[in-house]
2 protein chains.
Amino acid sequence: MNKTDKRDEILRAARELIAEHGFHGAPMALIADRAGVGAGTIYRYFENKDVLIGELHRNLEERLYPDILTGYLPEQTIRERFLHLGTALLHYFITNPLDYRFLQQFYNSPYGVDHRRDKILGIKEGSDVFCTLFSEGTSQQVMKDLPMVVLFGLYFGPLLAVARDHILGFIQLDEELITRTVAACWEGIQK
Amino acid sequence: MNKTDKRDEILRAARELIAEHGFHGAPMALIADRAGVGAGTIYRYFENKDVLIGELHRNLEERLYPDILTGYLPEQTIRERFLHLGTALLHYFITNPLDYRFLQQFYNSPYGVDHRRDKILGIKEGSDVFCTLFSEGTSQQVMKDLPMVVLFGLYFGPLLAVARDHILGFIQLDEELITRTVAACWEGIQK
DNA sequence: ACCTTAGGAATGAACGTTCATTCCGTTTTG
DNA sequence: CAAAACGGAATGAACGTTCATTCCTAAGGT
C-alpha cells in the first residue's frame, strides 16, 4: 500500500465510522483498525482529529459539487436550475447515505457552525452555486424577496429532512416523490 | 432547598449546559456544579444520564405544547391553523433558544432517532396536533397528496432552519419575516 | 425545654473505562 | 546502512458512575 492509498484508507474508514455511529462512535483506534493501519500512523497524515475531520469535509465537497453540477446549464431558466440542483442533491444523498450522515454530524458540531458562519459572511463573494442562483432569482423577481438565509432554509430544510427520513427508512423516495418534493420547495420559494 | 427545587435545579443546569455546549460539553460533574449539588446527588433523582436527558425532553414538551396551543382553534380553517402553529413554533424557539438548541441536540442523537421512530410508527394513533392537522389537510385536498413524512419535512425543515439561523445570529427574525416565512411554507404545502 | 439518636439525603473522592495522542522499537525504503 | 515510515503499547486526561462517609432533620426520651 503506498502513501496515497493509506491516506485514502484512513479517510474512508473515518467517514464510514462517523456516518455510522457519529463523531463519538469513531475513536481513532477504531479508525486505525478499519483502515488497516496503526493508531500512530494516522498522525503521520493528519495533525490531529480535528484536522482529519476538516479534511473529510473538504473531501466530501470535492465529490459532491462535481456530481450535482453535471448537467447544470447556466442558460436554463432559474426554475429549471433550481429543480436540477434540488433533485441532484437528493439523488446524491440517497446514493451516498454515508456522506449525508457525515454532513449532518459535521454541521451539528462546533466545526460546522464555524464553517457555516464563514460561508454566510462570505456570501458577497458569490462563488457558491446556490448563492448565485438565489441572488439571481430574487433580483429577477422570480423568487420571493426574502433574505438569502431564509431562502436557503426553505430549500435545504425540506431537502435535508426528507433525505434523512429516507436514509432512516421512514420513507421510500422514488423518482416521482423526489420530483414532487423539489417542486413543492419551488412553490414555496417562487414569487 | 427542598427536594423539588433540587430536582428542578439539576434539570435547569443540564438543559443550559447541553444547549450551550452539546451533549458532550455537559459532563455530570459540570451539571452538578451549576446546579449547586454534589455529583452523586444527581443519581438520587435520575437513574443515569440517559434518564435525565429523557426527562429533559418530556419536560420541554410539557412547556412547548401548551404554549403553541394557546389560541389554537379547531374550528379555524386548515390554513389558519397551519399558520398559527408555524408562527407559534418560531416564536417559542426565538424566546426559548435554549430549548431549541436542546431539541436540535436531542434529535441528532440516538435518543432522538428512537423517539422519532416511535412517533412516526405511532402516527395512526393521531394524537399529535400536527399529525391530525396534516391528515385533515390531505384528506380535504387542501394540502398536496404527499406522504406525511414529506409534509413534515416541508414544514419543520424551513422553520427549524430559520430558527437556528436566528439563534446563531445569521438573521434577525421580526414579526413580518416570521409571517412571510410560514406563509412560504404554506405555499409549498398547499394544493 | 433539652439532649440523644436514628435514618434518609447529600456528598465528592475514587474507580473503571474510554479516548486522543505520544513514544519508541521494528520494518521498509532508497 | 541510514533515514523515513510504521505499528501498537503506553500515557494521561476526561468521563459516567459508585459508595463509604458526613450532614441534617425530626422524633423520642429524659
Side-chain angles (χ1 to χ4, degrees), chain A residues 1-59 101-102 105-106 108-112 114, chain B residues 1-59 101-102 105-106 108-115:
Chain A
M1 201 179 342
N2 73 29
K3 237 176 140 143
T4 314
D5 286 349
K6 211 160 260 187
R7 204 185 116 99
D8 287 348
E9 278 303 295
I10 294 169
L11 284 172
R12 187 190 51 77
R15 179 166 52 245
E16 284 179 15
L17 279 168
I18 290 173
E20 285 167 17
H21 307 113
F23 276 108
H24 301 275
M28 294 297 255
L30 262 192
I31 294 174
D33 270 4
R34 193 181 284 218
V37 304
T41 306
I42 295 179
Y43 290 85
R44 297 204 55 76
Y45 294 91
F46 306 97
E47 194 186 333
N48 55 42
K49 199 176 185 179
D50 284 8
V51 170
L52 168 58
I53 288 170
E55 187 55 28
L56 275 176
H57 183 256
R58 235 178 48 76
N59 183 281
R101 300 241 240 193
F102 172 80
Q105 294 288 334
F106 182 80
N108 263 90
S109 70
Y111 315 109
D114 293 345
Chain B
M1 205 183 332
N2 73 30
K3 238 177 138 145
T4 315
D5 287 347
K6 210 158 264 190
R7 206 186 113 98
D8 287 349
E9 278 302 295
I10 293 169
L11 284 173
R12 186 190 53 75
R15 180 167 50 245
E16 285 179 14
L17 279 168
I18 291 172
E20 286 167 17
H21 308 114
F23 278 106
H24 300 277
M28 294 298 253
L30 262 192
I31 294 173
D33 269 4
R34 192 180 286 216
V37 302
T41 307
I42 296 178
Y43 291 86
R44 298 200 56 76
Y45 295 92
F46 306 97
E47 196 186 331
N48 56 42
K49 198 175 184 179
D50 285 8
V51 170
L52 168 58
I53 287 169
E55 187 56 26
L56 275 176
H57 183 256
R58 233 178 49 76
N59 184 281
R101 301 239 242 193
F102 172 80
Q105 294 288 335
F106 183 80
N108 263 90
S109 70
Y111 314 110
V113 172
D114 293 346
H115 191 268

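All figures in this text were calculated on a predicted structure; none of them were measured in a lab. The chains referred to below are lettered A, B, ... by the order of the sequence lines, with proteins before strands, and numbering in each begins at 1.
The pair B/Lys6-B/Glu9 does not count as a salt bridge, with every side-chain nitrogen at least 4.0 angstrom from each carboxylate oxygen.
Atom CD of B/Glu47 sits in a sparse spot, with 12 or fewer heavy atoms from other residues, nucleotides or ligands closer than 6.0 Å.
For C/dA9, neither phosphate oxygen OP1 nor OP2 lies less than 4.0 angstrom from any side-chain nitrogen or oxygen of B/Lys6. At the phosphate of D/dC6, neither OP1 nor OP2 sits under 4.0 Å from any side-chain N or O atom of A/Tyr43. Applying the 4.0 Å criterion to OP1 and OP2 of D/dA5, one finds that A/Tyr45 has every side-chain N and O outside that range.
Whole-Å rounding puts the B/Ile31 CD1 to D/dT17 P distance at 10 Å. Rounded to an integer number of Å, the gap from B/Ile42 CD1 to C/dG12 P is 12 Å. The CZ-P distance, from B/Arg44 to C/dT11, rounds to 10 Å in whole Å.
Comparing A/Gly25 and A/Ala39 by the nucleotide of DNA chain C whose heavy atom lies nearest to each, the residue mapping closer to the 5' end is A/Gly25. If A/His24 and A/Gly40 are placed on DNA chain C by their nearest nucleotide, the residue sitting closer to the 5' end is A/His24.
Counting only heavy atoms from C-beta outward, the side chains of B/Phe46 and B/Leu11 approach each other to under 4.5 Å.
Within a heavy-atom distance below 4.0 Å of DNA chain D, the residues of residues 46-53 of chain B found are B/Asn48, B/Lys49.
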